[in-house]
Amino acid sequence: GHFSQAELESIMATARSLGLKVMAHAHGARGIESTVLAGVDTIEHGTFAAEAALKAMKAKGTYMVPTLMALEGVRARLGKGVYTPTVEAKGREAVAQMGKALKAARAEGVTIAFGTDAGVFEHGRNAGEFALMVDWGGMSPRDALASATTIAAKLLDKQDEIGRIAPGYSADIIAVDGDPLRDVRTLEKVGFVMARGRIID
């Protein structure tokens with residue numbers, strides 16, 4: 001749906017009064033720009049983000065959550081009779097843009113946070129987002145990893161609780177065979193999980 005600028009500003013003001021953050025599911029350039037100008041915290045997708053929208057995001061400190069796995073999920077279903085012809089055409093347009101908005105956002109200095117839109121593709125494949133951020137979005141493995149840890153924690157205003165391994169922080173740790181800073185795909189095969197200090201079998 002589409003909201004007027006006054007409606008968007010009212011949504012943001014209401015959320016702020018409740019101590020909440022606001023994210024916007026936005027693909028189109030105009031929708032991105034108007035929600036950013038209204039004060040949204042994050043843009044999820046941002047597929048067709050144009051220069052004006054990205055400049056506004058940088059100026060307002062709005063994060064981008066590119067959710068490339070969602071586009072990968074759409075790409076995998078194209079041409080298989082899953083979508084109506086109209087949705088199929090829109091899907092092809094979106095997939096053709098994969099990674100372009102992320103590269104442009106990074107070039108503009110927009111902060112990138114990790115997210116996947118899990119459910120558009122099979123659950124359990126979320127870590128595939130790392131490789132897409134690197135391969136399609138041009139991020140370094142280190143930056144992709146930070147987007148899911150320290151940067152995501154800051155976005156959630158939990159940078160003093162989660163997002164890194166340090167005294168007093170929640171002991172949320174994974175271990176993999178290999179070096180994710182060399183090959184980010186190692187994060188897709190997790191061998192050890194600790195959540196809040198408890199080892200998960």
Side-chain angles (χ1 to χ4, degrees), residues 1-16 20-75 87 89-118 120-121 126 128-159 163 184:
H2 298 277
F3 296 99
S4 71
Q5 206 62 29
E7 288 171 323
L8 288 171
E9 288 167 11
S10 178
I11 290 167
M12 305 307 158
T14 302
R16 296 289 175 267
L20 300 173
K21 293 207 173 240
V22 182
M23 54 74 60
H25 159 94
H27 287 282
R30 282 192 13 228
I32 295 166
E33 190 175 359
S34 41
T35 52
V36 168
L37 293 175
V40 79
D41 294 289
T42 74
I43 295 292
E44 321 300 299
H45 312 307
T47 310
F48 299 97
E51 186 179 6
L54 294 172
K55 284 189 181 307
M57 289 177 76
K58 172 62 178 168
K60 292 271 196 177
T62 311
Y63 288 56
M64 176 184 273
V65 181
T67 66
L68 299 175
M69 278 299 290
L71 288 176
E72 180 66 12
V74 170
R75 189 195 61 72
V87 173
K90 283 187 174 185
R92 289 188 186 283
E93 281 180 46
V95 167
Q97 294 300 307
M98 193 147 151
K100 291 180 183 174
L102 173 53
K103 284 181 182 170
R106 289 180 61 245
E108 200 61 57
V110 173
T111 303
I112 308 300
F114 188 94
T116 62
D117 209 9
V120 177
F121 57 92
N126 303 39
E129 183 79 7
F130 289 113
L132 297 176
M133 292 173 105
V134 170
D135 296 346
W136 290 88
M139 293 179 77
S140 70
R142 181 177 296 278
D143 287 345
L145 189 56
S147 78
T149 54
T150 54
I151 291 172
K154 187 173 182 205
L155 169 59
L156 298 170
D157 289 330
K158 294 194 174 282
Q159 64 269 27
V184 80

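Computed from a prediction, not measured in an experiment: that's the story for all the values here. Count residues from 1 along the sequence.
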Compare all side-chain heavy atoms of [X] with those of [Y] and state whether any distance is below 4.5 angstrom.
| X | Y | answer |
| --- | --- | --- |
| T116 | T67 | no |
| S140 | V134 | no |
| V40 | M12 | yes |
| M23 | V65 | no |
| I112 | M139 | yes |
| V184 | L145 | no |
| I32 | F48 | no |
| M69 | L132 | yes |

Task: Residues E93, K90: salt bridge by 4.0 Å N-O rule - done: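 Answer for the salt bridge query: no.
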
Task: Salt-bridge contact D41-K60 (side-chain N to carboxylate O under 4.0 Å) - done: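 No salt bridge links D41 with K60.
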
TODO: Go through the steps to decide whether E108 and K55 satisfy the test side chain to side chain contact (heavy atoms under 4.5 Å, CB included), and finish with yes or no.
DONE: CA-CA 7 Å; E108 200 61 57; K55 284 189 181 307; 3.2 Å; yes

Closest contact, heavy atoms only, [X] versus [Y]:
| X | Y | value |
| --- | --- | --- |
| G163 | T149 | O-CB, 3.3 Å |
| A101 | G46 | CB-O, 3.1 Å |
| A26 | I43 | O-CG2, 3.9 Å |
| L71 | V95 | O-CG2, 3.7 Å |

Please round to the nearest 0.5 Å and tell me the distance separating atom [atom1] of [X] and atom [atom2] of [Y].
| X | Y | atom1 | atom2 | value |
| --- | --- | --- | --- | --- |
| M133 | S147 | CE | OG | 3.5 Å |
| M64 | K58 | CE | NZ | 13.5 Å |
| K100 | L102 | NZ | CG | 13.0 Å |
| Q97 | L68 | CD | CG | 12.0 Å |
| L156 | Y63 | CG | OH | 9.0 Å |
| M98 | R75 | CE | CZ | 7.0 Å |

Is there a donor-acceptor pair under 3.5 Å between the side chain of [X] and the backbone N or O of [Y]?
| X | Y | value |
| --- | --- | --- |
| E7 | S4 | yes |
| R106 | V110 | no |
| K21 | L155 | yes |
| E33 | A56 | no |
| E129 | F114 | no |

TODO: Please say whether more than 12 non-hydrogen atoms of neighbouring residues, nucleotides or ligands are located less than 6.0 Å from CD in E51.
DONE: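 For E51, atom CD is not crowded (no more than 12 foreign heavy atoms under 6.0 Å).
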
Open item on the list: Just checking R30: does its CZ atom have more than 12 heavy atoms from other residues, nucleotides or ligands closer to it than 6.0 angstrom?
Closed with: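 Result for CZ/R30: open.
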
TODO: Specify whether H45 and H25 have parallel, tilted or perpendicular ring planes, treating 30° as the upper limit for parallel and 60° as the lower limit for perpendicular.
DONE: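 The arrangement is perpendicular - the two ring planes meet at more than 60°.
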
Task: Derivation and outcome, side chain to side chain contact (heavy atoms under 4.5 Å, CB included), residues Q5 and L37 - done: CA-CA 9 Å; Q5 206 62 29; L37 293 175; 4.0 Å; yes

